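Contents: one structure, followed by commentary.
Computed from a predicted structure; not experimentally measured.
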Amino acid sequence: MTARTPDPVLLARLADVAVRVGLNLQPGQDLVLTAPVEALPLVREIAASAYRAGAGLVTPLFSDDDIARARFRHGQDASFERAPDWLYRGMAQAFEGGAARMAIAGADPMALAAEDPAKVSRANKANSLAYRPALEKITNFAINWTIAAYPTVGWARQVYPDLPEDEAVLKLAEAIFAASRVTNDDPVAAWTEHNAALRARSAWLNDERFDALHFTGPGTDLTVGLADGHEWHGGASVAQNGVTCNPNIPTEEVFTTPHAHRVSGTVRATKPLSYNGALIEDIEMRFENGRAVEARSSKGETVLLNMIDSDEGGRRLGEVALVPYSSPISQTGLLFYNTLFDENAACHIAMGQCYSKCFLEGASLSPEQIAAQGGNSSMIHVDWMIGGPDTDIDGIRADGTRVPVFRKGEWAR
């Protein structure tokens, strides 16, 4: 292997896992794929794997951190109110026509840290609005979709700041491969076993039918009401098009939809949040009647407030997820500066849009019915981590009785 080039055998395995386990790509199905330009080696492997699986057309769309920074440094001010809506309409049209969606994570999480936060906020809002037609196909789980990761230089530099770039990239590659279960001789079998374990956790929670969850820990005393007719999911799920897929490679969570109007108390983040080129540290929020009425952070507070004030639903929850402190990603001790990994190291909540699939018979519910049952609607969906080794969680039944769910960061049963 050459400098800054991940192990080609494991890279090919990751591509196969992304196509076969992540997407479960169907013969004749098109694939729309987005990735940082540095991830080209993985994209090439994915394209080969997809075509071997019988893909129709594989269409890659690339992004570049330097091009993004050029816009903020030299672009006209009016451009920050715009986004390529024509592109997103085309993506939505592709999804309506049956295409699958894959995203490769790996952009430098601090790429825009030195840019004007007001411009970043404006650009993010414009992009979120324009992307909504395509995003709805994903959040409604209308299609099979997945996210995987590739170790870029900028990302590796953040995770391993004390290592030379070449070493940092290879160390990050090792972490990605291990978390994605491709270091196993039979990664597909390893994912089958892992999905079964997550499915068992989800089944227990669905059998319990808790009315709410009560989180306690340092700085946290939060009661999260659960949406009416909520359903827990974890690992592989069946999309509305009938395809069973794993939306996240890797994943360690089981998750469901909170009730947008029944969240109360205080909560403190246990990990920093990397959001659109800025690092937000020590987030604290206080909720009343489902809404975050107070929000602060020791770093990146302007970015935090701009994020949750994107629209009316930005200050309400769209997801609650349970992850034990002993998860393999947590045990690395790393801050990945990437939600795909960091959310799988700790219990977390998400501000914004809910997942309609986290309702019983969710595919048949209208947006109005989802809202009536407590589902939130927003242009954002941003996860932040609230779990750790001191986290306790009780499930609260409708009659008020309590059942231990987590003790000291671990499943209580």
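With hydrogens and angles ignored, the 3.5 Å screen pairs no side-chain donor or acceptor of Arg316 with any backbone N or O of His259. Between the Ser180 side chain and the Ile176 main chain, a donor and an acceptor come within less than 3.5 Å of each other. Of the possible donor and acceptor atoms, one in the side chain of Arg71 sits under 3.5 Å from a partner among the backbone N and O of Ser79. Judged by distance alone, the side chain of Asp116 and the main-chain N or O of Ala118 form a donor-acceptor pair under 3.5 Å. Between the Asp282 side chain and the Ser297 main chain, no donor and acceptor come within less than 3.5 Å of each other. A distance-only check finds no donor-acceptor pair linking the side chain of Ser49 to the backbone of Glu45 [under 3.5 Å]. Using a distance-only test at 3.5 Å, with no hydrogens or angles considered, no donor-acceptor pair links the side chain of His194 to the main chain of Trp191. Here the side chain of Glu231 pairs no donor or acceptor atom with the backbone of Cys358 at under 3.5 angstrom. Side-chain N or O atoms of Ser327 include none that pairs as donor or acceptor with a backbone N or O of Val323 at under 3.5 Å. Side-chain atoms of Asn24 come within 3.5 Å of backbone atoms of Thr244 as a donor-acceptor pair (strictly under, hydrogens ignored).
The local environment of CZ in Arg82 is sparse, with at most 12 non-hydrogen atoms from other residues, nucleotides or ligands closer than 6.0 Å. Residue Arg20 qualifies as open at atom CZ: its count of foreign heavy atoms under 6.0 Å is 12 or below. Open room surrounds NZ on Lys171; 12 or fewer heavy atoms of other groups in view lie less than 6.0 Å from it. By the 6.0 Å contact criterion, CD on Gln93 is open, its count of non-hydrogen atoms from other residues, nucleotides or ligands being 12 or less.
Contact annotation: the side chain of Gln369 approaches that of Ser366 to within less than 4.5 Å [non-hydrogen atoms, C-beta and beyond]. Leu213 has its side chain out of reach of Ile396: every pair of non-hydrogen atoms, C-beta onward, lies at least 4.5 Å apart. Looking at heavy atoms from C-beta onward, Asp392 lies out of side-chain contact with Val405 at the 4.5 angstrom threshold. Considering only heavy atoms from C-beta on, Val43 comes within 4.5 Å of Leu33 through its side chain. Here the side chains of Leu40 and Tyr150 are not in contact, with every heavy-atom distance at 4.5 Å or above. Side chains of Ile249 and Ile147 form no contact here, defined as non-hydrogen atoms less than 4.5 Å apart. The side-chain heavy atoms of Arg209 and Leu226, taken from C-beta on, include no pair separated by under 4.5 Å. Between Pro247 and Phe141, the closest side-chain pair of non-hydrogen atoms falls below 4.5 Å.
In this structure, a donor-acceptor pair under 3.5 Å is absent between the side chains of Ser326 and Gln331. Of the N and O atoms on the side chains of His214 and Asp221, at least one donor lies less than 3.5 Å from an acceptor on the other residue. A donor and an acceptor atom, one from each side chain of Ser237 and Lys357, are located under 3.5 Å apart. A donor and an acceptor atom, one from each side chain of Ser378 and Asp311, are located under 3.5 Å apart. Side chain to side chain, Tyr88 and Asn127 meet the donor-acceptor criterion of an N or O pair below 3.5 Å. The closest side-chain donor-acceptor pair between Asn248 and Asn344, if any, does not fall under 3.5 angstrom. In this model, a donor atom of one side chain and an acceptor atom of the other lie less than 3.5 Å apart for Asn144 and Gln29.
Residue pairs meeting the ring-ring contact (aromatic ring centres under 6.0 Å, His included) criterion with at least one partner in residues 33-84, sequence neighbours excluded, are Phe72-Phe80. Sorted by first and then second residue, the pairs that involve residues 32-44 and meet side chain to side chain donor-acceptor pair (under 3.5 Å), not counting sequence neighbours, are Thr34-Arg101. Pairs engaging residues 239-252 under the salt bridge (Lys or Arg N to Asp or Glu O under 4.0 Å) rule: Arg181-Glu252 [sequence neighbours left out].
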For side chain to side chain contact (heavy atoms under 4.5 Å, CB included), just list the numbers for Glu253 and Leu322, CA-CA rounded to whole Å, side-chain angles, deciding distance to a tenth of an Å, and then say yes or no.
-> CA-CA 6 Å; Glu253 65 176 337; Leu322 306 183; over 6 Å; no
Do Glu294 and Met285 pass the side chain to side chain contact (heavy atoms under 4.5 Å, CB included) test, and can you show the C-alpha distance, the side-chain angles, and the key distance before you say yes or no?
-> CA-CA 5 Å; Glu294 293 180 17; Met285 291 191 191; over 6 Å; no
Audit row: Asp16, Arg13, salt bridge (charged side-chain N to carboxylate O under 4.0 Å, His left out) steps and yes/no | CA-CA 5 Å; Asp16 281 341; Arg13 284 187 188 175; over 6 Å; no
Show your reasoning for whether side chain to side chain contact (heavy atoms under 4.5 Å, CB included) applies to Trp384 and Lys271.
-> CA-CA 8 Å; Trp384 55 289; Lys271 288 180 178 289; over 6 Å; no
Would Glu136 and Arg132 satisfy salt bridge (charged side-chain N to carboxylate O under 4.0 Å, His left out), going step by step from the backbone distance to the final call?
-> CA-CA 6 Å; Glu136 286 178 346; Arg132 191 69 186 265; 3.6 Å; yes
Taking it one step at a time, do Arg315 and Asp309 satisfy salt bridge (charged side-chain N to carboxylate O under 4.0 Å, His left out)?
-> CA-CA 7 Å; Arg315 284 181 175 255; Asp309 287 330; 2.7 Å; yes
Would Arg157 and Asp108 count as a side chain to side chain contact (heavy atoms under 4.5 Å, CB included) if you check the C-alpha gap in whole Å, the side-chain angles of each, and the deciding distance to 0.1 Å?
-> CA-CA 8 Å; Arg157 192 186 300 124; Asp108 181 353; 4.2 Å; yes
Mind running salt bridge (charged side-chain N to carboxylate O under 4.0 Å, His left out) on Glu81 and Arg122 for me, showing each step along the way?
-> CA-CA 6 Å; Glu81 307 296 335; Arg122 290 163 60 198; 2.5 Å; yes
ring-ring contact (aromatic ring centres under 6.0 Å, His included) evaluation trace for His381 with Tyr355 = CA-CA 10 Å; His381 179 95; Tyr355 290 119; 4.8 Å; yes
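Considering CD1 of Ile349 and CE of Met385, their distance stands at 10.5 Å, rounded to 0.5 Å.
Within the 6.0 Å centre-distance limit, the rings of Trp155 and Phe341 are counted as a close aromatic pair. Under the 6.0 Å cut-off for aromatic ring centres, Trp232 and Phe255 do not qualify, their centroids lying 6.0 Å or more apart.
Of the options Val58, Leu25, Leu57, a side chain to side chain contact (heavy atoms under 4.5 Å, CB included) to Asp30 is made by Leu57 and by none of the others.
Heavy-atom minimum distance, Gly352 versus Asn376: O-ND2, 2.8 Å. Taking both residues in full, the closest heavy atoms of Leu304 and Arg296 are given as CD2-O, 3.8 Å, listed atom of the first, atom of the second, then distance. The two residues Cys347 and Phe406 make their nearest non-hydrogen contact at SG-CE2, 3.7 Å. Across all non-hydrogen atoms, the minimal contact from Val267 to Thr220 is CA-OG1, 3.6 Å. Considering every non-hydrogen atom in both Ile380 and Met307, the closest pair reads CD1-O, 3.4 Å. What you find for Leu11 and Phe177 is that their closest heavy atoms are N-CZ, 3.8 Å.
Under 4.0 Å is where a charged nitrogen must lie from a carboxylate oxygen, and between Lys137 and Glu96 at least one such pair does.
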